[in-house]
Amino acid sequence: LDLPLGNLVSLIKDLLVKLFIYFPLVLLSFSVLSDDWPQWLGPQRDGVWREQGVVEKFDKAPRLRWSLPIGGGYTGPAVADGRVYVLDRQLAKGSTNPQNPFNKGKLQGTERIICLNESDGKILWKHEYNCPYEISYPAGPRCTPTVDQNRVYTLGAMGNLFCLDAESGKVIWQHDFKQDFGAKPPVWGFAAHPLIDGNKLICLVGGNQGVAMAFDKMTGKVIWGSIKSPDLGYCPPVIIKAGGKRQLIIWHPRALNSVDPETGKLYWTTPFRVKYGLTIPTPRLYGDKLFVTSFYDGPLMMQMSKNEPKAEVAWKAKGRSERNTEQLHAIMCTPYLEDGFIYGVCSYGQFRCLKIDTGQRVWESFKPVYGSSGRWANAFLVKHKDRFFIHNEKGELIIAKLSPRGYEEISRAKLIEPTANAQGRKIVWSHPAFANRSIYLRNDKEIRCFSLAK
C-alpha cells in the first residue's frame, strides 16, 4: 500500500471499529434465524416452522448429525436452549411387550426423562422412575415435554407429572395423578400434552378435581379444576382467542368445551359423543371457526360468536362409518387449516382436502401416507413458508405443497425405521421436532437428528 504510515494506521483502526460494531450483528442475525421447538406443535403450538435457511428440496439425503439409542415410546422430542428432551420406556428384566398391543396386563418397567446436548446428542442428564404399565399399546410414554424458561415439564403414560430444572434435571415438584387426585389412566394412557399459560401449567387429569386442572407452574399447587366427566380422552388443551375472550378448549369424549383459562369457569359446551374415547387431534381455529376430528365419529366444525364466548355447530360429520368416510376422520394427525381449506389424514390413510365452510371433500391421495389403504395409517403435518414437511409412519420425511388443486410432492427421504407394530405392519407414531434447521425424530430404538439446512 502506497500510504503514509499515519493514514495506514487510521485505516486499520477504522476497519477494526467497523468489525467490532458489525460482527456481533452478523452473529445476531444467525441466531435470530434459529428457533426452538419447546413443546407440542412448536413454539406457538400451531404446527408452523418459522426458521429461515431451510432446505426447499432434497437434492441428496439429509445429513445425519447424530443418533443415540433410547427405549420405546411415542413421545416427540422438545428442543430448547441447546438441549433436546425426550421420554422413553425401559422394561424390567424378564419383561416383554405383548405381541398383541391391545393387551394391557401389568408390565414392570421404568420411564426416563432424558436431556441431550443439541450439538452432538450426548446425554447431559436423565431422571428415571419406577412405572408399572397397565395400558394398551404399552411401548412407552406419549406426551412431548414442555419447556418453559429454566424448567421442563413432563407427563408419563401412567400420570406421573414432573417439573424439573432444565439444566440439571433436579426434580422441583411432582404429582402422581392416580394417587393425588384419584385419576384413572385412559385405555391408551395419559397422552394430552401439558400446556403453559402464564403462571399456570394446564393438564388433562380426571379424578376428583375434574377433567382439566391448572397448577401453579412454579410450585405445583392446584389453582383450579374444571369440567366433570367420566371420560378423559387424549386431546391436548389449547387456548384460542374468540368472542373477545381467551378461551381454553377442552375436548373430552362426551363434549367439546370452552372455559376461562384463569378460573376454569365454563363458557360453553357442545355435546359430541366420541366412540372409544378417541379424542386425539388438537383443535384448530380458523378465523371464527373451530375444528375437531375423530376416527369413528368424524369432524365437528363450530361457529364461534364474534362478540362473546359462545359457539354453535356449523356442520358435522355425515355418517359414522370408520372406513366409508366422506370428510375427515383423523386418528392422530392434527389437521392444518388455511385459505378456506382443511388438510389432514383420514381413517385409512386418505390424505384429504376439505372446504372449511361446508366440509365438502375437494380431493384425496394415498401418496403421502401409506401408498394404499391402511387402518390408522398416519402422518404429521408441519407448515414451512409455502410448503409442508410431512413425516409419515414409514419413517419418511416428505416436502410437498398442498392446495385445492391437489397434492404436489417435491421430495421424499427415508430418515428412520418404523419399529412398532400396529394393524399387522411396522409403524413409527412419534411427532418430530423442527429446530436449528434440523429435524429430531425417534422410534422405539433410537433418536436421530438430521440437518435440514439449505
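Numbers for residues simply follow the sequence, beginning at 1.
The ring-ring contact (aromatic ring centres under 6.0 Å, His included) test with Phe388 singles out one residue from Tyr336, Phe380, Tyr407, and that residue is Tyr336.
Note on Asp148 versus Lys217: salt bridge recorded, some NZ/NE/NH1/NH2 to OD/OE distance being below 4.0 Å. A salt bridge links Glu262 to Lys200: one of the charged nitrogens lies within less than 4.0 Å of a carboxylate oxygen.
Between His329 and Phe295, a ring centre-to-centre spacing not shorter than 6.0 Å is recorded. Two rings, from Tyr153 and Phe162, have their centers 6.0 Å or more apart. Between Phe190 and Tyr234, the distance separating the two ring centers is not shorter than 6.0 angstrom. Residues Tyr276 and Tyr296 bring their aromatic ring centres within 6.0 Å.
With 3.5 Å as the limit, one finds a donor-acceptor pair spanning the side chains of Asn257 and Thr269. Looking only at atom types and distance, the side chain of Arg284 has no donor-acceptor partner in the side chain of Thr334 under 3.5 Å away. At a cut-off of 3.5 Å, with distance as the only test, a side-chain donor of Glu111 or Tyr129 sits close to an acceptor on the other residue. Checked by atom type, the side-chain pair Lys241/Gln247 shows no donor-acceptor distance below 3.5 Å. Residues Glu128 and Thr110 bring a donor and an acceptor atom of their side chains to less than 3.5 Å of each other. If you check the side chains of Gln423 and Tyr348, you find no donor sitting under 3.5 Å from an acceptor. The closest side-chain donor-acceptor pair between Trp315 and Gln327, if any, does not fall under 3.5 angstrom. Under the 3.5 Å distance criterion, with hydrogens and angles disregarded, a donor-acceptor pair is assigned to the side chains of Arg45 and Gln39. With no hydrogens or angles considered, no side-chain donor-acceptor pair links Asp176 and Gln174 at under 3.5 Å. Gln52 and Lys385 share a side-chain donor-acceptor pair at under 3.5 Å. Between His252 and Asp231, the side chains place no donor N or O within less than 3.5 Å of an acceptor N or O (distance only, hydrogens not considered).
Here the CD atom belonging to Glu312 is positioned 7.0 Å from the CD atom belonging to Gln303, to the nearest 0.5 angstrom.
Ring planes of Phe389 and His384: perpendicular class, angle over 60° (limits at 30 and 60°). The aromatic rings of Trp40 and His431 sit perpendicular to each other, their planes meeting at more than 60°, with 30° as the lower class boundary.
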Check: Does the side-chain contact (heavy atoms from CB on, under 4.5 Å) test come out yes or no for Arg352 and Trp363, once each step is laid out?
Finding: CA-CA 6 Å; Arg352 285 180 175 171; Trp363 56 260; 6.0 Å; no
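Within the 4.5 Å cutoff, the side chain of Phe434 has no heavy atoms near those of the Tyr440 side chain. At least one side-chain heavy atom of Ile390 sits less than 4.5 Å from a side-chain heavy atom of Phe351.
Without hydrogens or angle criteria, Trp66 side chain to Glu118 main chain gives a donor-acceptor distance under 3.5 Å. Using modelled atom types, no side-chain atom of Asn443 and backbone atom of Val428 make a donor-acceptor pair closer than 3.5 Å.
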